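Note that the structure is predicted; figures quoted are calculated from it, not measured.
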Amino acid sequence: MRKTFQLQVEGKHPDRLLEAIKHEIRKYIKRERRRELPEGADFWDFDCKFGTAEESAEVVHLSAITGLIDGVVKDGGRQFYVEVVAKPGKRKPRPAGEAAPGSLETEED
């Protein structure tokens, strides 16, 4: 998905338009994640860019997009550009001795 979204459209309430835009982005991500993975891939990864225009778009993490959209709206922006491109990803094994995130390590006395 490579698209420039307008935040002020005549005849549409800005809040409803914002929610529709976020819904469209989430729907695209869900649709891409449902696609069949190619051989050797573990998950769908996403390359993302965000900016007020296509020329000024910078690489961002997928989880940051919603916050960036809210920032543009808060600053009174009229449009923004989002690029979300799916690519197959391969998980890297954790090195031996490294704890999994969220796991509790206990010391034995």
| message | Could you tell me if the side chain of T4 sits less than 4.5 Å from the side chain of Q6, heavy atoms only? | response | yes
Are the side chain of W44 and the backbone of K87 linked by a donor-acceptor contact shorter than 3.5 Å? no
Report yes or no: does D42 contribute a side-chain atom to a donor-acceptor pair with the main-chain N or O of R91 at less than 3.5 Å?
yes
For [X], which residues count as a salt bridge (charged side-chain N to carboxylate O under 4.0 Å, His left out) partner, sequence neighbours excluded?
{"X": "K30", "value": "none"}
{"X": "R78", "value": "none"}
{"X": "E24", "value": "K3"}
{"X": "E54", "value": "none"}

Here the gap from K90 atom NZ to L37 atom CG, rounded to the nearest 0.5 Å, amounts to 10.5 Å
One should read off an interatomic distance between M1 CE and K27 NZ, to the nearest 0.5 angstrom, of 8.5 Å
### C48 vs I65, side chain to side chain contact (heavy atoms under 4.5 Å, CB included): CA-CA, chis, key distance, verdict
CA-CA 8 Å; C48 304; I65 289 178; 4.0 Å; yes
Residues passing the side chain to side chain contact (heavy atoms under 4.5 Å, CB included) test with L68, sequence neighbours excluded, are F50, V60, A64
### Message
Is there a path of hydrophobic side-chain contacts, each under 4.5 Å between heavy atoms of I/L/V/M/F/W/Y residues, joining F5 to V85?
### Response
no
Taken in chain and number order and not counting sequence neighbours, the residues that satisfy side chain to side chain donor-acceptor pair (under 3.5 Å) with K22 are D70
Just do the side chain to side chain contact (heavy atoms under 4.5 Å, CB included) check on I69 and I25 with the steps written out, would you? CA-CA 11 Å; I69 293 171; I25 293 169; 3.8 Å; yes
**Message:** Determine whether R35 and E32 satisfy the following criterion, salt bridge (Lys or Arg N to Asp or Glu O under 4.0 Å), listing intermediate values before the conclusion.
**Reply:** CA-CA 5 Å; R35 289 182 25 212; E32 289 299 306; 2.3 Å; yes
Note to self: Does the structure place the NZ or CZ of R2 under 6.0 Å from the centre of the six-membered ring of Y81, at an angle of no more than 45° from the ring's axis?
What the structure shows: no
